[in-house]
J.: 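Sharing a structure with you now.
Every heavy atom of this structure was used, including side-chain atoms; hydrogens, water molecules and symmetry mates were not.
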Number of protein chains: 2
Amino acid sequence: MNIGIASEKSGLPSKTIRYYEDIGLLRPARTDNGYRDYSVADIHRLRFLQRSRSLGFSVDECRQLLSLYQDKDRESADVKSIAEAKLREIDRKIAELVGLRGLLHHLVEHCHGDERPDCPIIDELAGEGMVQ
Amino acid sequence: MNIGIASEKSGLPSKTIRYYEDIGLLRPARTDNGYRDYSVADIHRLRFLQRSRSLGFSVDECRQLLSLYQDKDRESADVKSIAEAKLREIDRKIAELVGLRGLLHHLVEHCHGDERPDCPIIDELAGEGMVQ
DNA sequence: ATTGACCTTCCAGCAGATGGAAGGTCTATT
DNA sequence: AATAGACCTTCCATCTGCTGGAAGGTCAAT
């Protein structure tokens with residue numbers, strides 16, 4: 001599968017896919033003419049990368065997540081503990097997004113105009129815990 | 001409130017806070033000695049920025065979100081439509097995180113070792129829709 | 001065999017920070 | 001009053017994560 005198709009299927013620009021290869025995230029096969037040749041498994045990895053990058057994980061975190069995804073020896077304790085840390089991080093991100101959603105929704109639906117600076121619901125949501 | 005305290009309360013490094021000022025996201029007061037002086041409202045903005053950046057929104061998107069948060073004229077149709085677009089984007093991000101969470105959870109809890117390449121649940125989750 | 005849409009590598013530049021140097025300020029202790 | 005240490009300031013260099021463009025090879029169709 002050529003890089004253009006891989007790009008379409010993964011949602012990542014070709015440039016970015018090549019870059020990910022440069023930094024060692026992915027190692028596609030090559031055809032005789034030198035073109036990169038992506039397998040279906042490669043596409044899964046690319047989609048996986050696309051998703052985790054767009055959700056605010058750094059490239060290095062994505063490398064970890066990807067290795068969890070690919071690791072044959074997922075039994076080992078340290079791999080599990082990395083995975084569990086990532087799960088907690090994902091849970092935190094989900095909670096933050098839900099909070100942000102609530103804030104924005106509230107802004108659109110219920111608050112308008114000058115009441116904003118004093119609106120207790122917004123204060124709470126913006127704070128997400130206590131600011132002093 | 002000095003920048004060090006603002007950094008603690010917002011979860012953003014001082015360097016980043018100054019950078020956000022450079023690019024015009026924030027305009028704190030200054031005390032007589034030239035030190036930046038952050039109000040409680042500034043801290044809310046910084047936390048807001050910290051959250052939205054960490055969730056994969058670009059600085060420009062954060063600028064939009066922040067202006068929604070601050071906009072006194074939230075009644076206007078175009079502001080509402082921006083906000084609604086952002087809401088849809090947040091919903092999409094939540095769905096992706098939930099999917100990613102399910103994938104990772106499944107990997108840790110149920111899959112181990114060689115079955116991975118053929119596990120249909122993982123295939124489905126990694127695909128999130130169809131890969132041809 | 002030429003056109004156009006692909007692909008390749010390489011190198012430059014932008015976005016979003018991040019680190020360090022050089023120096024001023026504040027508070028406390030000597 | 002002076003010295004120390006922890007703050008703060010600006011400025012400039014560097015890093016990450018792409019992104020664009022040039023220069024050139026490949027492929028399928030006309």
J.: Whole angstroms only, please: what is the CD-P distance between Glu8(B) and dA6(D)?
T.: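 Rounded to the whole Å, the gap is 15 Å.
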J.: Would you kindly give the CD-to-P distance between Gln50(B) and dA17(C), to the nearest whole Å?
T.: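 Atom-to-atom, Gln50(B) to dA17(C), this comes out as 11 Å.
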J.: Side-chain contact, heavy-atom cut-off 4.5 Å: Gln50(A) with Tyr20(A)?
T.: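 They are not in contact (no side-chain heavy atoms under 4.5 Å apart), so the answer is no.
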J.: Where the side chain of Arg36(B) is defined as all heavy atoms beyond and including C-beta, which of dT25(C), dC7(C), dT10(D) is the nearest nucleotide?
T.: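 Of the options given, the side chain of Arg36(B) lies nearest dT10(D).
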J.: Counting only side-chain nitrogens and oxygens, does Asn33(B) get under 4.0 Å of the OP1 or OP2 atom of dT9(D)?
T.: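 Answer no for this pair, as no side-chain N or O of Asn33(B) is under 4.0 Å from OP1 or OP2.
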J.: Could you walk me through whether Phe57(A) and Leu100(B) pass the side-chain contact (heavy atoms from CB on, under 4.5 Å) test, one step at a time?
T.: CA-CA 12 Å; Phe57(A) 289 98; Leu100(B) 194 60; 4.1 Å; yes
J.: Rounded to whole angstroms, how far apart are CD1 on Ile17(B) and P on dT18(C)?
T.: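 Answer to the nearest Å: 11 Å.
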J.: Atom CZ of Arg63(B) and atom P of dA17(C): how far apart are they, to the nearest Å?
T.: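 Atom CZ in Arg63(B) sits about 11 Å away from atom P in dA17(C).
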J.: Looking at Lys86(A) and Glu89(A), is any side-chain nitrogen of the basic one under 4.0 Å from a carboxylate oxygen of the acidic one?
T.: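 Salt bridge present between Glu89(A) and Lys86(A).
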J.: Tell me: CE of Met1(B) to P of dC7(D), nearest whole Å?
T.: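 My rounded result for the distance is 16 Å.
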J.: Decide, yes or no, whether a salt bridge links Asp37(B) with Arg30(B) under the criterion of side-chain N to carboxylate O below 4.0 Å.
T.: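 No salt bridge links Asp37(B) with Arg30(B).
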J.: Whole angstroms only, please: what is the CD-C1' distance between Glu61(B) and dA15(C)?
T.: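 From Glu61(B) CD to dA15(C) C1': 13 Å.
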J.: One character per nucleotide, please: for nucleotides 12-23 of chain D, 5' to 3', B when the base has a protein heavy atom closer than 4.0 Å, S when only the sugar-phosphate does, - otherwise.
T.: -----BBSBB--
J.: Tell me which nucleotide among dT10(D), dT8(C), dC8(D) gets nearest to the side chain of Tyr35(B).
T.: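 Comparing dT10(D), dT8(C), dC8(D) against the side chain of Tyr35(B), the answer is dC8(D).
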J.: Using whole Å, report how far CZ of Arg18(A) lies from C1' of dC11(C).
T.: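 Between C1' of dC11(C) and CZ of Arg18(A): 14 Å.
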J.: Can you tell me how far P of dC8(D) sits from CG of Asp37(B), to the nearest Å?
T.: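 These atoms are roughly 12 Å apart.
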J.: Between dT10(D) and Arg30(B), is there an OP1 or OP2 to side-chain N/O distance shorter than 4.0 Å?
T.: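 Looking at the OP1 and OP2 atoms of dT10(D), one of them is under 4.0 Å from a side-chain N or O of Arg30(B).
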J.: For the CZ atom on Arg92(A), are there more than 12 heavy atoms of other groups (residues, nucleotides or ligands in this structure) within a distance under 6.0 Å?
T.: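 Enclosed: over 12 neighbouring heavy atoms sit under 6.0 Å from CZ of Arg92(A).
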J.: Salt bridge (Lys or Arg N to Asp or Glu O under 4.0 Å) for Arg45(B) and Asp42(B)? Distances and angles first, verdict last.
T.: CA-CA 5 Å; Arg45(B) 279 174 208 120; Asp42(B) 287 330; 2.9 Å; yes
J.: Less than 4.5 Å apart, side chain to side chain, heavy atoms only: is that true for Arg63(B) and Asp60(B)?
T.: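 They are in side-chain contact.
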